[in-house]
Every structure is written in structure tokens, then in C-alpha cells.
Amino acid sequence: MFLYSFKMHNLISMQDIKKEDVAEILHRAEFMENVCNFKVKYDKWKNIVLGNLFFEPSTRTRMSFEIAMLRLNGKVSNFAEKLSLTSLEKGENLTDTIRIIDSYCDMLVIRSPKAGTARRASEIAEHPVINAGDGSNQHPTQALLDMYTIKKLKKKISGLNIALIGDLKYGRTVHSLLYGLAMFNANITLISPEDLRMPSFIIDDVKDINKNETTHIKEIYDKDKDVNKMTKEGKFDVIYLTRIQKERFADIEEYEDIKDAYKITKDAISDNTIVMHPLPRIDEIDREIDNTKNAAYFEQAKNGIPVRMAIIDYLLENFYKDKK
Ligand code: NCD
């Protein structure tokens with residue numbers, strides 16, 4: 001652990017990242033697109049080893065971290081294991097695992113079903129730690145790639161009307177994204193079933209952190225309201241859909257009751273609206289939207305590579321500068 005952590009060495013939560021750090025990462029991601037397209041050569045992190053620790057299923061996040069590191073000419077060691085909640089609760093096991101992998105690698109990426117694991121890892125590890133999703137808490141790298149995609153497609157974030165729709169209670173991507181969008185003065189509408197509302201402590205915290213910004217946050221959670229009608233009438237610049245997080249429900253019947261509540265059809269999308277989704281999607285998006293200019297979710301997933309390259313680059317640079 002570093003006593004002099006004046007620079008950002010870890011990315012654990014959008015709650016503790018500064019606006020300047022976000023802007024710097026988004027800026028570096030543009031450069032990283034050129035590295036991916038072989039327009040620029042960049043091998044500053046040659047032979048640096050990233051430990052990719054996934055204790056929960058993942059396709060995009062795990063692979064895109066791996067590929068991001070490979071595109072930076074670094075190396076990757078993958079550790080994917082189904083860690084049962086009971087063994088997580090023992091605590092000691094994870095502490096030892098982190099300590100050992102930290103001694104093998106130069107940077108750690110960690111995904112866990114339990115909120116707070118990444119933060120704990122960052123307190124144990126000497127090397128930079130990146131949170132790749134911790135329970136229903138945070139998923140900061142997803143928020144950064146979401147913001148990069150919005151900026152790329154809409155040329156700005158400030159002043160945009162953005163709707164976050166679906167499971168806002170358990171969806172960690174929307175928790176992180178709300179912090180990020182609020183930093184850049186977006187107008188945010190939260191649309192969800194009543195039981196899956198954005199936790200009020202997050203809304204309060206976001207408002208508190210951004211009290212000097214002009215962000216507006218509005219909530220709609222009436223289950224009888226037609227989500228397609230709301231989407232159509234809202235004329236949003238961006239609609240961001242999320243999957244109902246089945247694995248986080250204690251009672252599966254509750255999930256069954258709610259699972260079909262939010263589905264967006266092609267007719268609900270205005271001409272200039274972009275449709276985003278962190279994926280995997282179940283049935284939230286009518287497949288007819290896939291081939292329209294409104295669909296941004298494949299581009300969004302693709303942007304995961306340059307944005308994660310930028311995050312790795314920024315954290316390693318800060319870490320080695322401070323170490324000197
Ligand atoms: C998300 C996640 O893991 O939180 N997926 C991802 O990383 N792209 C969203 C989800 O699982 O619904």
C-alpha cells in the first residue's frame with residue numbers, strides 16, 4: 001500500500017475518481033485507438049505482466065482486459081475460478097491469493113461477486129488494482145467505456161438527455177455510470193420498476209459530490225407506465241438499457257415477476273437516439289434495432305479495448321512515476 005497516493009494508482013469506484021482523471025483516460029483512449037489500428041507503435045509496457053482474476057463469469061470484460069494488455073505489448077496471466085460465497089466469506093483465502101498474485105504480477109484486475117473485494121485487494125496489493133465489477137456495487141471501467149462511446153458518437157456529454165433504464169438496483173454498470181455522467185453535467189432520467197430503483201444512497205452521494213455541477217437527476221418508477229411510450233416521448237439523446245440481474249435476486253419468483261418488464265421496440269426510438277447496453281442482453285432490446293444507426297452496443301463493446309488500454313497505461317504510468 002502507498003502512503004503517498006497523490007496520483008491515481010487504482011481504479012476501484014467512480015465515486016473516488018476525479019473529473020480530471022476521467023478526462024485524461026478518455027483522451028488517452030483516442031490515442032489507443034490508433035495503437036489498435038497499427039497507426040502508432042507503443043510498447044512502453046513490454047513484458048509487464050497483468051494478473052486477470054475473475055471469480056465471476058465474464059466474456060467481454062475478461063477478454064478485453066487481456067487483449068488490451070496484449071495490444072500494449074504486455075503479458076497476461078488469467079486466473080478464473082468459481083469462488084463460492086462461503087469461501088469468499090472465509091476472507092483469509094482471498095487475502096492470501098491476492099498477496100501471492102500481487103507478488104507474481106505488475107498489475108491486478110479483479111472481478112468478484114462480493115461488493116468491496118476490489119477495494120480490499122487494493123489495500124493488500126502493492127501494485128495497481130482495477131475493479132472489473134464487484135457484486136452489485138461498481139464497474140468503473142465499463143462506465144469509462146460507456147462515457148467514451150457517448151462522447152465519440154454524440155461529440156459531448158454535457159447537456160445530453162440520457163435515460164438509464166432497467167435494473168438500476170442491482171446493475172453495477174449504472175451505479176458507476178451515474179457518478180460519471182453527473183461529473184459532466186448530463187441530464188439523467190432513471191427509469192425502472194419500483195422494486196429495482198437506483199439506491200437512494202447512490203443518488204444522494206452523486207448529488208453531494210457534484211453539487212457544483214448542473215446535472216439534473218429525475219426518477220420514474222411507475223410500473224404501470226409504458227416504457228416504450230416514455231422512451232418515445234422523452235426524445236432522449238441516449239438510452240442505456242440494462243439486464244435484470246437474475247443472479248442477484250434472493251427470491252427467484254421475484255425475478256420471474258419482473259423479468260419481462262422492460263423491453264424496447266424499434267418504434268420507441270427517435271431518429272437521433274443512440275441505444276446502449278453493457279451486454280449481455282437477454283430480451284431488453286428488440287433485435288430489429290441491431291441493424292439501425294441507433295444501435296451503439298456493438299461499438300460500445302469494441303471501445304472496451306482502447307479504453308482499458310488507456311486505463312492500464314495511466315495507472316502504470318502514475319505508479320512508476322511515484323515509485324521513483
Ligand atoms: C455487465 C456486468 O458484468 O456487470 N457486463 C459487462 O461487464 N459488460 C452487465 C451485466 O452483467 O448485466
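Numbering starts at 1 and runs along the sequence shown. These figures come from a predicted structure and were not determined experimentally. All values below were derived from every heavy atom in this structure, side-chain atoms included, with hydrogens, water molecules and symmetry-related copies excluded. Read the numbers this way: they start at 1 and go in the same order the structure lists the ligands and their atoms.
Sorted pairs that involve residues 172-210 and meet ring-ring contact (aromatic ring centres under 6.0 Å, His included), not counting sequence neighbours, are lacking altogether. A ring-ring contact (aromatic ring centres under 6.0 Å, His included) check over residues 233-257, counting only residues at least two apart or in different chains, returns the pairs Y170-F249, F249-Y255.
With sequence neighbours left out, the side chain to side chain donor-acceptor pair (under 3.5 Å) criterion links R28 to E24, D313, E317.
Summarising the local packing, NZ of K218 is surrounded by 12 or fewer heavy atoms from other residues, nucleotides or ligands at distances under 6.0 Å.
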Quick one: ligand 1 N/O to protein N/O pairs below 3.5 Å?
| residue | atom | partner | partner atom | Å |
| --- | --- | --- | --- | --- |
| ligand 1 | 3 (O) | R111 | NH1 | 3.4 |
| ligand 1 | 3 (O) | R111 | NH2 | 3.2 |
| ligand 1 | 3 (O) | R172 | NH2 | 2.9 |
| ligand 1 | 4 (O) | R172 | NE | 2.8 |
| ligand 1 | 5 (N) | L279 | O | 3.0 |
| ligand 1 | 7 (O) | T61 | OG1 | 2.9 |
| ligand 1 | 7 (O) | R111 | NH2 | 3.1 |
| ligand 1 | 7 (O) | H139 | NE2 | 2.8 |
| ligand 1 | 8 (N) | Q142 | OE1 | 3.3 |
| ligand 1 | 8 (N) | P278 | O | 2.9 |
| ligand 1 | 8 (N) | L279 | O | 3.0 |
| ligand 1 | 11 (O) | R243 | NH2 | 2.9 |
| ligand 1 | 12 (O) | R243 | NE | 2.8 |
| ligand 1 | 12 (O) | R243 | NH2 | 3.3 |
| ligand 1 | 12 (O) | Q245 | NE2 | 2.8 |

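Looking at N34 and N37, their side chains never bring a donor and an acceptor atom within 3.5 Å of each other.
A donor-acceptor pair under 3.5 Å is absent between the side-chain atoms of N187 and the main chain of I217, judged by distance alone.
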